[in-house]
Amino acid sequence: MSKIINVIDLGSNKIAAIQARIDKNGTFHILDAVNTDSQGIIGGDVIDINKAVESIISTVNKLKSVKLKNIFVITKGSDVKMDISRGMI
C-alpha cells in the first residue's frame with residue numbers, strides 16, 4: 001500500500017511544496033513540486049502573518065491534489081516550537 005505525503009518548506013525567499021508517494025518498498029516518488037515567492041517571513045521568523053498565510057495558500061493551491069493529508073512543515077527561526085496537531089487552513 002502506498003502513502004501520499006506533502007512537505008512545505010517555509011523560507012525567507014520562497015515557500016516550496018513537494019508532494020510524494022511512498023511505495024510499499026519505502027521508495028519516494030515525487031508527484032509534484034511547486035514554489036512561490038515568500039512574503040511575511042524573514043530569517044525564518046513570521047513578521048506579517050497575513051502575508052505569510054497568503055504565500056502558503058498560494059503555494060499549496062499550485063499542487064495538483066486539492067485534498068492534502070500528511071503535511072510536514074519545515075521552518076527555522078529564533079523561537080521555533082513544535083506541536084503535532086491536526087487542523088485545516
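Scope of the values below: all heavy atoms of this structure, side chains included, with no hydrogens, waters or symmetry mates.
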Distance, nearest 0.5 Å, that separates [atom1] of [X] from [atom2] of [Y]:
X	Y	atom1	atom2	answer
N35	S58	CG	OG	10.0 Å
S2	H29	OG	NE2	8.5 Å
I15	K62	CD1	NZ	10.5 Å

For V46 and A52, the nearest pair of non-hydrogen atoms, with its separation, is CG1-CB, 4.1 Å
Indicate the atoms forming the closest heavy-atom contact of S55 with S38, along with that distance. OG-C, 4.0 Å
Assess the residue pair D23 and F28 against the criterion (side-chain contact (heavy atoms from CB on, under 4.5 Å)); give the C-alpha distance rounded to whole Å, side-chain angles, the decisive distance to 0.1 Å, and a yes or no. CA-CA 7 Å; D23 66 21; F28 283 75; over 6 Å; no
For the residue pair [X] and [Y], establish whether any side-chain heavy-atom pair is separated by less than 4.5 Å.
X	Y	answer
I5	I22	yes
T59	I8	no
I18	D32	no
D48	Q39	no
L31	I4	yes

Between [X] and [Y], is there a shared hydrophobic cluster once you connect ILVMFWY residues whose side-chain heavy atoms come closer than 4.5 Å?
X	Y	result
I30	I71	no
L10	V34	yes
I74	I56	no

Do the side chain of S12 and the main chain of G43 share a donor and acceptor less than 3.5 angstrom apart? yes
I47 and I41: CA distance, side-chain angles, deciding distance, side-chain contact (heavy atoms from CB on, under 4.5 Å) verdict: CA-CA 6 Å; I47 59 162; I41 302 172; over 6 Å; no
Considering residues, nucleotides and ligands other than K3, do more than 12 of their heavy atoms fall under 6.0 Å from its NZ? no
